[in-house]
Amino acid sequence: MALIVQKYGGTSVANVECIKNVAQRVKQTWDMGTKVIVVVSARSGVTNELIGRAKELNPRPDSREMDLLMSVGEQETIALLSMALHALGVPATSRTGAQAGILTDDTHMRARIHSISGGDIVDQLDEGKVVIVAGFQGVSINGQVTTFGRGGSDLTAIALAGALKADSCQILTDVDGVYTADPRIVSDAKKIEEINYEEMLELASSGFKVMQSRAVEFAQKYSIPFEVRSSFNQKPGTIVKEETPMLEGIMVTGVALDRNQTRLTVTELPDKPGTAAEIFNILAENDIIVDMIVQNIGRGGVANISFTVSRDDADRAELGIRKHFSDRTGDDFVSQTEIAKLSVVGVGMRSQPGAAAKMFDSLAQANVNILMISTSEIKISAAIEPGQADDAVRALHDEFNLNQ
Ligand code: ASP
Ligand code: MG
């Protein structure tokens, strides 16, 4: 009998009506004689609400307590969905991350999965039950509740599908799949039928909100194919897997936009070995992920370093740097600017030259000024003014013929 893992995100289980809809969908699959494991997120908004309350009480809440708090959101959903399935006459049982044997390290709020035993899931499935597992959470070797970072229910689904050798894994969400660009910005954006892990990973980490990038990374590492599709209709979604057909002449697969970025600039640093190391060690100690980096060599033995971080980390980054250079006076030696990061992604760039020229030409024609640039083998990103972001996405989508 085939085993499927279905993951429903927060908007799909937002309220009692939505949970009933999910229960119906799960029943349809179960009625076909398929074994079903359902992974769910917290109802949309719940995790944010919990975090908000914590921060009202303490601006820097302890991360162990945060994990206990945040894991509550998913526990509400598993119990409710189980009850909804019972009401439809479907035998179902819910499991927390710990009960599902999802063992992690003890890095609170972004724990890494060590192993998944599955607990008694296989037995429950053999008895004909639907098993509902709380996403986003596990248990550390020391018995502490841990979570996997925002959006971490995706990781639970992918990892369970891998560990229990599921025949398929569906990530059900509020969009029909992965698009060539955000359809809210580009009206003729197209749904991508198949995409490989590499491109999906670059898109996910470049601002495509569809999936947690850690989950895609995990899927790639362990070769776990999955499908991203809507929980609100029956249309086929986007299949994410190892190899997709290479289409001749296609250089770019998608355009991504991340509006949630801040550029920090540190001025007049001594232009000598070790300066960059000093700055980026401060960020590493504060657990801050840095994206683009530019260093300008100034005159007179000084240099400026600019780098981008997620906007949520910007104040912490600035504070860390100010503390470290506490002898520096003047307010403006560290400054913040809000930016948007625009990326084009495609494995076609490996075999075809000219992607950067095309991208920058098109941005020049649209009168978009480029503030910073970074590249990988299959991605080119540019930092731009947030106000120009939508136009820039549309220009690039056209330039690379993604609407065809
Ligand atoms: N509830 C968690 C979050 O909002 C995990 C998830 O939804 O995947 O980040
Ligand atoms: Mg999500």
Side-chain angles (χ1 to χ4, degrees), residues 1-9 13 22-23 26-27 29-30 32-42 67 70-83 85-86 90-107 110-149 151-172 211-212 214-227:
M1 208 190 274
L3 170 64
I4 184 169
V5 174
Q6 291 187 331
K7 182 256 169 179
Y8 292 90
V13 293
V22 167
V26 171
K27 181 177 187 303
T29 312
W30 180 80
M32 293 189 298
T34 310
K35 290 183 179 174
V36 194
I37 298 175
V38 186
V39 174
V40 282
S41 289
D67 273 351
M70 291 192 295
S71 62
V72 170
E74 274 69 14
Q75 287 189 48
E76 178 195 5
T77 332
I78 52 169
L80 291 176
L81 180 58
S82 187
M83 293 169 195
L85 281 162
H86 295 164
V90 178
T93 185
S94 62
R95 295 289 181 272
T96 63
Q99 289 170 337
I102 303 179
L103 260 191
T104 72
D105 64 10
D106 54 8
T107 326
R110 48 185 175 83
R112 299 214 150 249
I113 296 178
H114 262 318
S115 63
I116 298 185
S117 72
D120 67 344
I121 292 181
V122 172
D123 295 338
Q124 297 294 326
L125 291 169
D126 285 343
E127 284 176 27
K129 289 185 197 152
V130 168
V131 181
I132 305 160
V133 180
F136 177 54
Q137 55 174 272
V139 63
S140 74
I141 9 217
N142 312 318
Q144 304 299 317
V145 175
T146 51
T147 63
F148 308 150
S153 297
D154 292 336
L155 179 59
T156 304
I158 302 273
L160 267 174
L164 301 180
K165 304 199 167 42
D167 300 281
S168 64
C169 178
Q170 295 180 333
I171 306 292
L172 292 125
M211 264 192 86
Q212 192 205 32
R214 272 190 67 187
V216 183
E217 211 171 48
F218 195 97
Q220 177 177 33
K221 190 160 168 203
Y222 297 102
S223 292
I224 305 160
F226 60 92
E227 179 185 7

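Positions are given from 1, in the same order as the sequence printed here. Computed from a predicted model, the values in this text were never measured in an experiment.
The CD atom of Gln170 sits 5.0 Å away from the CG atom of Leu172 when rounded to the nearest 0.5 Å. Rounding to the nearest 0.5 Å gives a distance of 13.0 Å between CD1 of Ile132 and OG1 of Thr96. To the nearest 0.5 Å, atoms CD (Glu76) and OG (Ser94) are separated by 12.5 Å. To the nearest 0.5 Å, atom OG1 of residue Thr93 and atom CD of residue Gln99 are 8.0 Å apart. The CD atom of Gln124 lies 12.0 Å from the NZ atom of Lys35; values are rounded to the nearest 0.5 Å.
For the salt bridge (charged side-chain N to carboxylate O under 4.0 Å, His left out) condition, the pairs that include at least one residue of residues 127-144, sequence neighbours left out, are Glu127-Lys129. Pairs engaging residues 152-161 under the side-chain hydrogen bond (donor to acceptor under 3.5 Å, both in side chains) rule: Lys7-Asp154, Ser41-Ser153 [sequence neighbours left out].
In the model, Asp67 has a side-chain atom that pairs as donor or acceptor with a side-chain atom of Thr147 under 3.5 Å.
Considering every non-hydrogen atom in both Pro225 and Ser223, the closest pair reads CD-O, 3.4 Å. Pairing each heavy atom of Phe136 with each of Gly149, the nearest pair is CE1-O, 3.2 Å. Residue Met70 comes nearest to Glu74 through the heavy atom pair O-OE1, 3.6 Å, listed as atom of the first residue, atom of the second, then distance. Across all their heavy atoms, Gly138 and Phe148 have their closest contact at N-CZ, 3.8 Å. Ala42 and Thr77 make their closest contact through CA-OG1, 3.6 Å (heavy atoms, listed as atom of the first residue, atom of the second, distance). Of all heavy-atom pairs spanning Ala111 and Thr146, the tightest one is CB-CB, 3.6 Å.
Checked against salt bridge (Lys or Arg N to Asp or Glu O under 4.0 Å), Asp120 has the following partners two or more places apart in sequence or in another chain: Arg95. Shown here are the salt bridge (Lys or Arg N to Asp or Glu O under 4.0 Å) partners of Arg214, two or more places apart in sequence or in another chain: there are none. For Val26, the side chain to side chain contact (heavy atoms under 4.5 Å, CB included) criterion is met by Gln6, Tyr8, Val22, Val36, Val38, Leu85, Val130, not counting sequence neighbours.
Under the 3.5 Å distance criterion, the side-chain polar atoms of Asp105 are matched with a main-chain donor or acceptor of Arg112. Listed for the Thr107 side chain is no donor-acceptor partner under 3.5 Å among the backbone atoms of Arg110.
Annotation: side chain of Leu103 is in contact with side chain of Val139 (closest heavy-atom distance under 4.5 Å). Taking 4.5 Å as the limit, every side-chain heavy atom of Leu80 sits out of range of all side-chain heavy atoms of Val40. Residues Asp106 and Gln144 form no side-chain contact, since every pair of their non-hydrogen atoms from C-beta on lies 4.5 Å or further apart.
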For residues 157-167, tabulate all N or O donor-acceptor pairs below 3.5 Å that involve a side-chain atom, not counting sequence neighbours.
from   : atom 1 : to   : atom 2 : distance (Å)
Asp167 : OD2    : Leu3 : N      : 2.7

